[in-house]
Amino acid sequence: MERFIYYSKPEVESPDFLKLPKTLIYGRRYSSLISSAKLAYVVLRDRLEWSVRNGCYDENGNVFCIYTNVDLAETLRITGTVAAIKHSLSDVGLLYQVRVGQNMPNHLYIGQPVDHFNDVATIENKLKSNATEFMPLDDSARGWIQ
């Protein structure tokens, strides 16, 4: 078994982590997205930071990224489903692709998740209930925590 390494406070606050919007997990609007689509959204959203640094924005100031299906599949460690993942993100308004030419990668515009009032309430209630729940460990679980 690998050695367990705890997080310290500075490491938790590190910018080296990807961010997943809460509404993608708790919101009803995105409940149809499979986990790999949500992870793809996070990876594509992270790529926008690179895009800004490298001047990848259109005449309206909208930032886009370039990420081929092959590269995205390699990053996500999946095979053959990237087109379906992109399609599912497009269906819920989280991805818009613009073709720029033959044999050239599309410009990928990453949509901002929409928080609906009910989704926000669902998120807040779920977080509150999780924070107040406490499950004492039974003897079989105590052996794992050292």
Side-chain angles (χ1 to χ4, degrees), residues 1-58 61-98 100 104-146:
M1 186 161 142
E2 289 287 323
R3 185 172 81 87
F4 186 83
I5 302 172
Y6 290 92
Y7 278 102
S8 66
K9 187 176 182 222
E11 291 160 335
V12 170
E13 296 170 349
S14 169
D16 293 336
F17 287 88
L18 300 173
K19 293 183 179 180
L20 175 64
K22 291 177 185 176
T23 191
L24 292 186
I25 300 296
Y26 303 114
R28 287 188 309 233
R29 178 182 177 111
Y30 306 109
S31 63
S32 65
L33 290 176
I34 60 174
S35 296
S36 56
K38 294 174 184 183
L39 182 58
Y41 176 84
V42 171
V43 168
L44 293 170
R45 171 60 182 84
D46 184 60
R47 177 60 71 96
L48 289 183
E49 293 177 21
W50 178 90
S51 296
V52 168
R53 288 192 306 269
N54 289 282
C56 295
Y57 36 86
D58 62 22
N62 299 316
V63 181
F64 62 86
C65 67
I66 297 170
Y67 219 124
T68 68
N69 285 359
V70 171
D71 289 340
L72 187 56
E74 186 177 300
T75 299
L76 298 174
R77 309 290 193 274
I78 58 175
T79 57
T81 59
V82 172
I85 287 171
K86 284 182 168 182
H87 184 72
S88 68
L89 290 172
S90 295
D91 285 348
V92 294
L94 293 176
L95 178 66
Y96 179 69
Q97 299 184 75
V98 175
V100 292
M104 295 180 68
N106 293 346
H107 288 182
L108 306 177
Y109 291 86
I110 313 308
Q112 295 185 32
V114 176
D115 282 332
H116 294 290
F117 176 75
N118 290 336
D119 285 347
V120 172
T122 301
I123 292 168
E124 290 174 356
N125 289 336
K126 191 155 211 113
L127 292 175
K128 285 178 188 173
S129 69
N130 287 344
T132 58
E133 290 179 13
F134 175 75
M135 289 182 53
L137 297 175
D138 64 10
D139 290 335
S140 64
R142 292 185 195 283
W144 287 96
I145 300 175
Q146 302 274 336

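- Annotation: the span from Leu72 atom CG to Arg77 atom CZ amounts to 11.5 Å, rounded to 0.5 Å.
- Here Ile110 contributes atom CD1 and Gln97 contributes atom CD; the two are 8.5 Å apart, rounded to the nearest 0.5 Å.
- Listed by chain and residue number, Tyr96, His107, Tyr109 satisfy the side chain to side chain contact (heavy atoms under 4.5 Å, CB included) test with Val98 (two or more places apart in sequence, or in another chain).
- Remark: Cys65 SG to Asn106 CG distance equals 10.5 Å, nearest 0.5 Å.
- A distance-only check finds no donor-acceptor pair linking the side chain of Tyr41 to the backbone of Leu20 [under 3.5 Å].
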side-chain contact (heavy atoms from CB on, under 4.5 Å) between Leu76 and Thr81: does it pass, once the steps are laid out? CA-CA 10 Å; Leu76 298 174; Thr81 59; over 6 Å; no
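- Of the inter-residue distances, the one linking Thr68 atom OG1 with Leu108 atom CG reads 9.5 Å to the nearest 0.5 angstrom.
- Rounded to the nearest 0.5 Å, atoms CG (Leu89) and NE2 (His87) are 10.5 Å apart.
- For the atom pair CD1 (Ile34) and CD1 (Ile85), the distance works out to 5.0 Å, reported to the nearest 0.5 Å.
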Going by atom type alone, with no hydrogens or angles, which donor-acceptor pairs under 3.5 Å involve a side-chain atom of residues 43-53 and a protein atom two or more places apart or on another chain?
| residue | atom | partner | partner atom | Å |
| --- | --- | --- | --- | --- |
| Arg47 | NH1 | Ile66 | O | 2.8 |
| Ser51 | OG | Arg47 | O | 3.3 |
| Ser51 | OG | Phe64 | O | 2.8 |

Test side-chain contact (heavy atoms from CB on, under 4.5 Å) on Val114 and Thr23 and set out the steps. CA-CA 8 Å; Val114 176; Thr23 191; over 6 Å; no
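- Every pair tested for side-chain hydrogen bond (donor to acceptor under 3.5 Å, both in side chains) that includes a residue from residues 31-40 fails, sequence neighbours excluded, so the list is empty.
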